[in-house]
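Shown next, in structure tokens, is the structure this report addresses.
A, B, ... follow the sequence lines: proteins, then strands. Residue 1 opens every chain. Keep in mind the model is a prediction, meaning the values are calculated, not measured.
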Amino acid sequence: MMDPERVLEIANWSHQLTPDEFERARAGLNERAFPQGSTICEEGHAFDAWIGVVDGLVKLRSLSADGKDVSLSGIHAGGWFGEGTVLKGEKRQYDVVAVRDTTVALLDRDTFMWLFENSAAFSRFLVRQLNERVGFFIGLVENGRMLDPTARVARALASMMNPVLFPDVGHHLMITQEEIGLLAGLSRPIANQALKKLEQSEILRWEYGGVTVLDLEALQTYDR
DNA sequence: GCATTAACAGCCG
DNA sequence: CGGCTGTTAATGC
């Protein structure tokens with residue numbers, strides 16, 4: 001069973017649990033590693049666990065009618081997702097792919113449901129998270145209609161900097177231009193150009209293998 | 001036309 | 001050295 005210290009480290013939401021709830025959570029958690037490019041779970045499969053990214057980067061991907069790769073979102077360390085699928089006991093609506101070598105934590109469905117039914121703190125966390133997702137998906141719809149690559153990169157980055165969905169994220173994010181391209185649905189040269197534009201607007205600063213966001217508000221509302 | 005792919009040199013760790 | 005970055009030229013939708 002996982003070390004209690006480790007639980008606190010990888011699951012931000014576990015801090016608010018009562019000792020009894022915490023023990024339940026601890027018993028239901030497992031860690032697993034996935035190499036770059038591997039599929040953590042596929043669309044259409046029942047995957048009965050809530051997933052947290054411990055280390056690395058994961059994307060949610062769906063295939064459009066013509067078989068084109070459409071990324072929905074990037075999830076990095078500290079993010080938990082898939083609560084919709086677990087709650088409804090549904091099949092996955094999308095693939096989950098490791099963009100780079102990644103370690104995830106899995107909370108099995110029974111434990112998830114027990115916490116949901118019995119823990120006020122856990123329920124509060126979930127409501128907050130689901131609420132944040134609503135705004136997130138609204139942004140996604142807009143993103144689909146925006147053709148300007150710079151705006152798409154801005155949204156992709158902004159969605160990864162959300163302090164509710166990613167509690168430990170600061171203003172800095174470790175990500176390559178290649179990965180940004182994958183997440184925004186663009187090639188690397190275009191992602192590179194978009195980043196340069198955002199840098200010129202003083203919205204972010206590009207560093208080697210990462211970005212520092214200077215103006216999150218501007219990044220979230222960028223529209224041209 | 002604009003974006004993607006391929007390819008290159010240069011740079012960082 | 002290996003991976004990431006900035007850029008360009010050729011190619012495709």
Side-chain angles (χ1 to χ4, degrees), chain A residues 9-10 31-40 42-43 51-79 81 94-104 136-162 165-166 168-216 218-224:
Chain A
E9 208 177 304
I10 66 173
E31 280 188 72
R32 275 181 70 187
F34 290 87
Q36 176 177 41
S38 65
T39 301
I40 293 167
E42 279 175 40
E43 180 175 359
I51 306 173
V53 177
V54 174
D55 188 53
L57 180 64
V58 151
K59 71 170 174 177
L60 309 185
R61 178 190 63 187
S62 157
L63 297 177
S64 67
D66 53 351
K68 234 178 105 179
D69 197 293
V70 179
S71 283
L72 300 177
S73 170
I75 316 281
H76 54 89
F81 65 96
Y94 41 76
D95 298 326
V96 181
V97 181
V99 176
R100 56 174 179 249
D101 288 349
T102 296
T103 305
V104 298
F136 173 83
F137 278 107
I138 287 171
L140 209 67
V141 173
E142 287 171 0
N143 208 344
R145 291 178 185 158
M146 286 187 306
L147 294 177
D148 176 32
T150 310
R152 295 177 62 163
V153 166
R155 287 302 172 90
L157 287 174
S159 72
M160 297 183 73
M161 300 290 295
N162 181 317
L165 263 22
F166 304 106
D168 349 309
V169 78
H171 52 286
H172 189 257
L173 192 62
M174 294 294 292
I175 190 168
T176 66
Q177 298 188 350
E178 175 85 42
E179 288 163 351
I180 290 173
L182 285 171
L183 294 172
L186 302 163
S187 64
R188 188 169 67 74
I190 300 299
N192 175 276
Q193 282 177 26
L195 285 166
K196 275 205 314 208
K197 275 191 193 172
L198 292 171
E199 194 162 34
Q200 275 164 22
S201 312
E202 309 215 323
I203 291 172
L204 56 78
R205 187 159 1 99
W206 182 255
E207 284 129 27
Y208 191 82
V211 272
T212 297
V213 174
L214 305 173
D215 188 346
L216 182 56
L219 192 66
Q220 285 162 343
T221 58
Y222 191 94
D223 63 350
R224 196 189 53 77

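Closest heavy-atom contact between A:V54 and A:V104: CG2-C, 4.0 Å.
With sequence neighbours excluded, the residues that form a side chain to side chain donor-acceptor pair (under 3.5 Å) with A:E9 are A:R6. Taking A:D101 as the reference, A:P35, A:Q36 meet the side-chain contact (heavy atoms from CB on, under 4.5 Å) condition, with sequence neighbours excluded. Every residue two or more places apart in sequence or in another chain that forms a side-chain contact (heavy atoms from CB on, under 4.5 Å) with A:A158 is listed here: A:L219, A:Q220. The ring-ring contact (aromatic ring centres under 6.0 Å, His included) check on A:F166 picks up A:H76, with sequence neighbours excluded.
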Expected rows: protein N/O vs nucleotides 9-13 of chain C N/O, under 3.5 Å:
none

May I have the step-by-step check of side-chain contact (heavy atoms from CB on, under 4.5 Å) for A:L198 and A:W206, ending in yes or no? CA-CA 9 Å; A:L198 292 171; A:W206 182 255; over 6 Å; no

Expected string for nucleotides 1-8 of chain C under the B/S/- scheme (protein heavy atoms, under 4.0 Å, primed atoms plus P, OP1, OP2 as sugar-phosphate) is --BBBBB-

When the side chains of residues 172-180 of chain A are checked against the rest of the protein, which donor-acceptor pairs come out under 3.5 Å, sequence neighbours left out?
residue: A:H172; atom: NE2; partner: A:E207; partner atom: OE1; Å: 2.9
residue: A:T176; atom: OG1; partner: A:E179; partner atom: N; Å: 3.1
residue: A:Q177; atom: OE1; partner: A:N192; partner atom: ND2; Å: 3.0
residue: A:E179; atom: OE1; partner: A:R100; partner atom: NH1; Å: 2.8
residue: A:E179; atom: OE1; partner: A:T176; partner atom: N; Å: 3.0
residue: A:E179; atom: OE2; partner: A:R100; partner atom: NH1; Å: 3.3

